[in-house]
Trainee: 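Here it is, the structure, as structure tokens.
All figures in this text were calculated on a predicted structure; none of them were measured in a lab. First the proteins, then the strands, lettered A, B, ... as listed; each starts at 1.
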There are 2 protein chains.
Amino acid sequence: MGYVTSHGRVIPNPIVDDGDEQAFCSTCAFGSVCTARGVDKIALRELHCLVEHVGNYRPGEAIFRTGERFGAIYAVRQGTVKTRLVDIEGRELVLGFYLPGELVGLNAIHPEAYPCDAVALDTVEVCRFSFPALATLSTRVPGIQQELFRRLSKDIGNAALLAGDYSADERLAAFLIGLGRRYAERGFPAEALHLAMSRGDIANYLRLAAETVSRVLRRFQDQGLIRVDGRDVAIARPAELFELARPILQR
Amino acid sequence: MGYVTSHGRVIPNPIVDDGDEQAFCSTCAFGSVCTARGVDKIALRELHCLVEHVGNYRPGEAIFRTGERFGAIYAVRQGTVKTRLVDIEGRELVLGFYLPGELVGLNAIHPEAYPCDAVALDTVEVCRFSFPALATLSTRVPGIQQELFRRLSKDIGNAALLAGDYSADERLAAFLIGLGRRYAERGFPAEALHLAMSRGDIANYLRLAAETVSRVLRRFQDQGLIRVDGRDVAIARPAELFELARPILQR
DNA sequence: CGCCTGCGCTGATCCACATCAATGCATGCG
DNA sequence: CGCATGCATTGATGTGGATCAGCGCAGGCG
């Protein structure tokens with residue numbers, strides 16, 4: 001089984017352990033495939049061969065850019081990635097944030113070109129999966145195909161969530177709860193968040209003004225729901241915050 | 001090649017021809033797969049076996065409902081389908097509209113249950129594809145797998161489009177242009193639209209009030225961009241309408 | 001026929017959030 | 001150091017579209 005590292009103490013920036021031949025990256029997007037019963041060792045080794053570690057993007061550096069020919073999807077290993085569009089007038093539209101273990105680039109399969117930029121928010125490392133190779137492999141390993149289908153399907157649902165006409169309070173609450181859940185999925189504490197992105201990025205992503213994000217966070221803190229210290233946010237009353245986010249999250 | 005029907009005259013409600021063993025439904029979601037070089041006849045026959053025609057849903061009837069166990073995706077053959085959520089207080093949230101040839105239910109793969117209702121807006125016929133069977137088949141027919149990946153990926157992009165904070169004018173313009181394009185993709189005229197959905201549904205989908213939809217359509221007509229006759233909309237100046245929609249459509 | 005119901009349109013009012021503007025506070029750098 | 005830059009916060013003002021209310025019109029039905 002290889003060695004297992006404890007994650008609990010790492011808070012600000014979760015780091016994915018490297019794993020080994022057997023366990024692969026333990027928090028990787030394909031972790032569930034690799035550790036699943038029935039996936040033969042050879043397929044797992046092929047997935048290993050196929051993957052390519054790419055490392056040390058600095059804040060602001062692009063993993064891929066709008067319009068580049070689509071060739072691979074990326075799993076975040078360390079750090080946080082944002083995807084965004086920049087329109088002709090230079091205005092930015094933030095599409096999403098990706099934490100360690102999550103897959104970036106799935107929306108590029110159809111147009112066969114990346115429809116957005118993927119930009120590192122802090123120090124970022126990723127795993128690169130050549131998509132043609134991955135698709136070929138997944139015809140032989142149903143578990144991988146299934147995982148890809150699930151990831152794609154999940155992203156459709158997530159994208160639709162944000163589209164509703166929700167209030168600023170609902171959006172912020174859902175954003176924080178959602179981020180916490182995603183950390184928790186990978187084994188990190190759900191109530192001590194570090195926001196790798198600026199207020200402006202959050203606002204842009206939630207379709208609010210940066211000032212509104214400031215004010216709502218402030219009010220949440222005054223109400224005792226959260227504690228804010230710069231980019232560190234502690235969720236003090238998860239249940240009440242969830243109650244605010246319910247219109248978006250729970251259906 | 002079988003016989004080819006001319007579509008040009010059909011305006012209000014495009015009807016997909018049945019096709020035959022060779023051509024399958026000519027406007028079907030999997031048309032490109034079936035007609036592609038290299039797809040062997042046996043695979044095509046298997047796809048035929050797998051599909052199940054389900055017909056004559058009346059307006060308001062559900063093809064599937066929120067929470068039902070996911071078992072199949074559906075291709076619209078005739079009519080228009082809307083997907084929607086209904087929250088606890090009975091408020092509706094329209095997620096999308098599906099025209100003949102489009103696939104409904106892709107967002108259900110991940111949760112393994114339908115995350116929304118699919119409701120017929122007029123007389124609707126669909127093709128039912130058992131998803132487990134389709135996934136199995138697609139391990140043997142790369143073209144089908146590829147097509148599924150593409151469709152899923154496309155839906156991610158589409159869902160993200162609506163999420164921006166656009167004006168009512170931009171939204172309506174993009175909605176009309178988008179609808180026209182989708183008709184055109186299936187061989188129907190792009191400038192003579194019949195809206196199967198009510199103003200309320202459009203407004204809900206675009207996150208506007210029904211009154212706003214009325215007013216904007218009225219103004220578009222006054223400006224000579226479109227001609228509105230109840231649920232029939234003719235796009236008089238496609239280029240200018242596109243110009244309005246550019247912030248959403250063109251990137 | 002008269003009545004009801006659903007849908008679409010229009011005008012008046014209101015409000016959540018954007019926008020504008022100013023300030024504080026880090027960090028970096030010549 | 002002195003200055004510039006970027007990010008976050010707070011207050012004052014403006015506005016796009018929601019909400020509320022009323023009306024017209026068509027279709028269905030007893």
Trainee: Name the nucleic acid region contacted by B:G230, choosing base, sugar-phosphate or nothing; use a 4.0 angstrom heavy-atom cut-off, strictly under.
Mentor: nothing

Trainee: Within a strict 4.5 Å, meaning less than it, do heavy atoms of the B:L217 and B:L176 side chains meet?
Mentor: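 Yes. Closest side-chain heavy atoms under 4.5 Å.
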
Trainee: Would you call the rings of A:F64 and A:Y114 parallel, tilted or perpendicular, taking 30° and 60° as the class edges?
Mentor: parallel

Trainee: Can you sort out the partners of B:L121 under side chain to side chain contact (heavy atoms under 4.5 Å, CB included), two or more places apart, ordered by chain and number?
Mentor: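 Side chain to side chain contact (heavy atoms under 4.5 Å, CB included) list for B:L121, sorted by chain: B:T80, B:K82, B:F97, B:A196, B:M197, B:D201.
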
Trainee: Take atom CE of A:M197 and atom C1' of D:dC7, then tell me their distance rounded to the nearest Å.
Mentor: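 Computing the A:M197:CE to D:dC7:C1' distance gives 15 Å.
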
Trainee: Which whole-number value in Å describes the distance from B:D201 CG to C:dG6 P?
Mentor: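 The answer, rounded to whole Å, is 15 Å.
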
Trainee: To the nearest angstrom, how far is A:R91 atom CZ from C:dA18 atom C1'?
Mentor: 14 Å

Trainee: Nucleotide by nucleotide, 5' to 3', does protein get under 4.0 Å of the base (B), only the sugar-phosphate (S), or neither (-) in nucleotides 23-29 of chain C, counting heavy atoms?
Mentor: -------

Trainee: For B:D229 and D:dC25, what is the distance between atoms CG and P respectively, to the nearest whole Å?
Mentor: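 B:D229 atom CG is separated from D:dC25 atom P by 15 Å.
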
Trainee: Quick check: are there more than 12 heavy atoms from other residues, nucleotides or ligands sitting under 6.0 Å from CZ of B:R237?
Mentor: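 Check fails, neighbour count at 12 or below.
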
Trainee: Looking at B:N56, is its backbone amide N or carbonyl O close enough to the side chain of B:T123 to form a donor-acceptor pair, meaning the two atoms are under 3.5 Å apart?
Mentor: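 It does not hold such a pair.
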
Trainee: Could you give me the CA-CA distance, side-chain angles and deciding distance for B:R246 and B:E243, then say whether salt bridge (Lys or Arg N to Asp or Glu O under 4.0 Å) is met?
Mentor: CA-CA 5 Å; B:R246 184 183 291 275; B:E243 218 45 51; 2.7 Å; yes

Trainee: Are any protein N/O atoms closer than 3.5 Å to N/O atoms in nucleotides 17-19 of chain D? If there are, list each pair with its distance.
Mentor:
unit_1 : atom_1 : unit_2 : atom_2 : d
D:dG17 : OP1    : B:A168 : N      : 2.9
D:dA18 : OP1    : B:R207 : O      : 3.4
D:dA18 : OP1    : B:A209 : N      : 3.0
D:dA18 : OP2    : B:A209 : N      : 3.0
D:dA18 : OP2    : B:T212 : OG1    : 2.4
D:dT19 : O4     : B:R215 : NH2    : 3.1

Trainee: Should the pair A:R218-A:D222 be classified as a salt bridge under the 4.0 Å nitrogen-to-oxygen rule?
Mentor: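 Salt bridge present between A:R218 and A:D222.
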
Trainee: Between A:R218 and D:dT10, is there a side-chain N or O to OP1/OP2 distance below 4.0 Å?
Mentor: yes

Trainee: Please report the distance, rounded to the nearest Å, between CG in B:D232 and C1' in C:dG8.
Mentor: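 Value for this atom pair: 15 Å.
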
Trainee: Between C:dG11 atom P and B:R219 atom CZ, what is the distance in whole Å?
Mentor: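 Distance check: B:R219 CZ to C:dG11 P gives 13 Å.
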
Trainee: Rounded to the nearest Å, what distance is computed from the CG atom of residue B:D222 to the P atom of nucleotide C:dC9?
Mentor: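 Result: 12 Å.
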
Trainee: Return the value, rounded to whole Å, for the distance between atom CZ of B:R231 and atom C1' of D:dG27.
Mentor: 13 Å

Trainee: Can you confirm whether A:R227 is buried at CZ, in the sense that more than 12 heavy atoms of other residues, nucleotides or ligands lie under 6.0 Å from that atom?
Mentor: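 Atom CZ in A:R227 is not packed in, count stays at 12 or less.
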
Trainee: If you count every heavy atom of other residues, nucleotides or ligands that lies below 6.0 Å from B:R65 atom CZ, does the total exceed 12?
Mentor: no

